[in-house]
Novice: 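Quick one: the structure is below, questions incoming.
Heads up: numbering here begins at 1 and tracks the sequence.
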Amino acid sequence: MENNRGSWGSNLGFIMAAIGSAIGMGNLWGFPYKMGANGGFPFLIIYLFFVITCGVVCMGVEMVIGRKTGKSPVLAMSQLGKRYKIVGWFGVLSATIIMGFYTMLVGYAVRYMLGFGIQIFGASGFGGMGGTDFFVGYTCSPWVVLAFTLLTFALCYIIVAGGIETGIEKFNKVGIPALFGILIVIIIYNFTLEGASQGLVYMFTTKGMEMAGTEFNFITACRMAAGQMLFSCSLGMGAMITYGSYLGKDANISKNAWIIPAADTSAAILAGLAIFPAVFAQGGSPKGGPGLLFMTMHDTFTSMGWIGNVIGFLFYLLVIFAGISSCISLMEVTSAHIIDSSAAKSKPMSRKKAVGIVTLIMVVLSIPVCLDQLGMGSIIPPFYNSFMAEGSKDLLDVYDLLSEGIMMPLGAILMCLIVGWKKGLNWMEEEVELEGNKFHTKKFFHICVKYVTPLVMVFVLVALVLSYINV
Ligand code: PFF
């Protein structure tokens, strides 16, 4: 693929970047809590079912579309058929909208890392406040939140504007091994704490539901697992089309399609081991979302004494690596779209300029989210909130509903249907088997792409939408 779009230095570089995109806030604040609150091992089995029947399959489909067309989602989909362009647009819009809240959350982690970093040297990093007080005070200081969000945007800009091999690949080749290294260090430390085994009981046994105050419901567990899988594997929004478009023809797509979700799931389980043993050892209780990652973990590290500052610093550094590596894939989807479409109109735009424009658009989208203060700023009009479910009444959730709740599952379903029924599986097979690569799981892909994945994804779409609104 000789062009000036850039390409990965190696398949390993691609794998690292794709794993980086997949591992993110979703793994850290979603998976471990949901696993415990929804039955432990039974949840893990349900999750694995979705990863295999949808995650691996969509990953393969997106990579094939990307590498075969050598384009970002909108142009790639319109190369498959003019009317499929809309599916590419779902991706570009989702990526742009997700960045409107995701960077703010990574910005939180930057603030917490600095706080614990300062405390290592004896100064006070959180004004002497406990987890809840500090979190409420921080989220209700929108200009400070915005400042940390802008810092996150600046980091992402530098990496993405740096290029595919020299920016994104370079960052992930360091960031992803570092992320796994930090996870292991924290897990080892956790298991020296008294009472840590409760964390294992929470995550892996049915007792977890008692601890979280929940009851097992098969449909709820399926809904939670499916939504989590789609977001966690970065699917349905063209991130893997975009990353796949920079992939060499000799890379083994079918192998990559298994490796990336496997690494993502391993990271989700390891994240649980880095979080819950410490939470229980320090007398905390299970939660999900920002409450877990910021309030509970803050209190957990504080109660460990001085060493808690070191562990806390490392933990938030890990969150930053996970978050930034996801942010840059989102930023790349929209940037690649601008780069490709301006080249198609014979008005090529430099990467730096395109990424600059994209950063600006995303910053504008993130400002109201920062001002909304997780709903406390009441940016959302009351008439809208009246039909949103409890716990989904802030701007962040509106963005989340549009992207994760609607466009991502819809995108995933349509991509599978287009490849399975319109282009045909030989079209996919040809690409996977280029340069003598073997497609060992061909039969499995054939059945899933045409039937299983779209059907399961329709369930995901309906369940996700219903979970956001009052019905
Ligand atoms: N996979 C990321 C997470 O688990 O936090 C979120 C994400 C990144 C979703 C990139 C979609 C995407 F394209």
Side-chain angles (χ1 to χ4, degrees), residues 24-51 54-55 105 131-132 135 190 195-233 264-265 267-300 374-375 388-394 396-397 400-401 404-405 409 456 459-471:
M25 310 297 275
N27 301 60
L28 294 161
W29 81 12
F31 182 87
Y33 168 75
K34 288 176 191 167
M35 183 168 160
N38 289 284
F41 255 121
F43 178 86
L44 184 58
I45 304 293
I46 296 171
Y47 185 79
L48 289 176
F49 167 80
F50 285 115
V51 169
C54 298
L105 302 173
T132 309
F135 185 74
N190 277 355
S197 59
Q198 283 302 302
L200 298 183
V201 173
Y202 174 75
M203 274 184 70
F204 293 101
T205 74
T206 46
K207 272 220 172 107
M209 290 181 291
E210 229 170 88
M211 294 151 109
T214 51
E215 270 173 36
F216 186 73
N217 176 315
F218 182 69
I219 300 291
T220 309
C222 287
R223 193 191 79 207
M224 293 272 188
Q228 173 70 26
M229 178 284 300
L230 197 66
F231 189 73
S232 190
C233 290
D264 182 60
T265 308
I269 296 173
L270 290 177
L273 298 180
I275 292 172
F276 281 113
V279 168
F280 286 107
Q282 302 307 122
S285 62
K287 266 197 191 98
L292 169 68
L293 210 54
F294 299 106
M295 291 187 254
T296 311
M297 293 316 285
H298 181 176
D299 283 334
T300 301
L374 292 182
M388 293 297 279
E390 215 38 65
S392 298
K393 293 180 189 277
D394 54 60
L396 191 157
D397 280 300
D400 199 32
L401 167 65
E404 189 187 351
V456 176
F459 163 80
V460 179
L461 175 65
V462 175
L464 275 176
V465 172
L466 292 182
S467 72
Y468 283 90
I469 52 179
N470 265 325
V471 276

Novice: In the structure I gave you, are the side-chain heavy atoms of T220 and N38 within less than 4.5 Å of one another anywhere?
Specialist: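 When only atoms from C-beta onward are counted, N38 and T220 do touch, with a gap below 4.5 Å.
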Novice: Let me confirm one number: the CG-NZ distance from L44 to K34, rounded to the nearest 0.5 Å.
Specialist: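 One finds 14.5 Å between CG of L44 and NZ of K34.
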Novice: Flag the pair F50 / C222 as yes when at least one side-chain heavy-atom distance between them is below 4.5 Å, and no otherwise.
Specialist: yes
Novice: Kindly indicate whether the side chain of P32, heavy atoms from C-beta on, has any atom under 4.5 Å from the side chain of F276.
Specialist: yes
Novice: Shortest non-hydrogen contact from I46 to A221?
Specialist: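 The pair with the smallest heavy-atom distance is CD1-CB, 3.9 Å.
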Novice: Are the side chains of Y202 and M35 in contact, using a 4.5 Å heavy-atom criterion?
Specialist: no
Novice: At their closest point, which heavy atom of G39 faces which heavy atom of T206, and how far apart are they?
Specialist: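 Reported closest heavy-atom pair: O-CG2, 3.9 Å.
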Novice: Rounded to the nearest 0.5 Å, what's the gap from CD on Q282 to OG1 on T296? Could you check?
Specialist: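 Answer for the CD-OG1 pair, Q282 versus T296, is 12.5 Å.
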Novice: Taking the side chain as everything from C-beta on, heavy atoms only, tell me whether L374 gets closer than 4.5 Å to F135.
Specialist: yes
Novice: Taking C-beta and beyond as the side chain, do P409 and L230 meet within less than 4.5 Å on heavy atoms?
Specialist: yes
Novice: Looking at CD of E210 and CD of E215, how far apart are the two atoms once the value is rounded to the nearest 0.5 Å?
Specialist: 10.5 Å
Novice: Nearest 0.5 Å please: distance from the CZ atom of F31 over to the CZ atom of F43.
Specialist: 6.0 Å
Novice: Please assess L273 against N190 for the test side chain to side chain contact (heavy atoms under 4.5 Å, CB included), listing each intermediate value before the final yes or no.
Specialist: CA-CA 8 Å; L273 298 180; N190 277 355; over 6 Å; no
Novice: If I take atom CG from residue D397 and atom CD from residue E404, how far apart are they, to the nearest 0.5 angstrom?
Specialist: 9.5 Å
Novice: Check each of K287, H298, M25 against L293 using the side chain to side chain contact (heavy atoms under 4.5 Å, CB included) test, and report the only one that passes.
Specialist: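 Answer after filtering K287, H298, M25: M25.
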Novice: Which heavy atom in N27 sits nearest to a heavy atom in S232, and how many Å separate them?
Specialist: OD1-OG, 3.3 Å
Novice: What pair of heavy atoms forms the shortest contact from D299 to T132, and how long is it?
Specialist: OD2-N, 4.5 Å
Novice: Once you measure the plane-to-plane angle for F204 and F41, does it fall in the parallel (<30°), tilted (30-60°) or perpendicular (>60°) bin?
Specialist: tilted
Novice: Can you tell me how far CD1 of I275 sits from CH2 of W29, rounded to the nearest 0.5 angstrom?
Specialist: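 The CH2 atom of W29 sits 11.5 Å away from the CD1 atom of I275.
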Novice: Return the minimal non-hydrogen interatomic distance between Y47 and D264, and the atom names on each side.
Specialist: OH-OD2, 4.0 Å
Novice: Find out whether F280 and P286 are in side-chain contact, i.e. whether some heavy atom of one side chain is under 4.5 Å from a heavy atom of the other.
Specialist: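 Yes; the side chains approach each other to less than 4.5 Å.
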Novice: Might you point out which heavy atoms bring C54 and V456 nearest each other, and give the distance in Å?
Specialist: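 Taking every non-hydrogen atom into account, SG-CG1, 3.6 Å.
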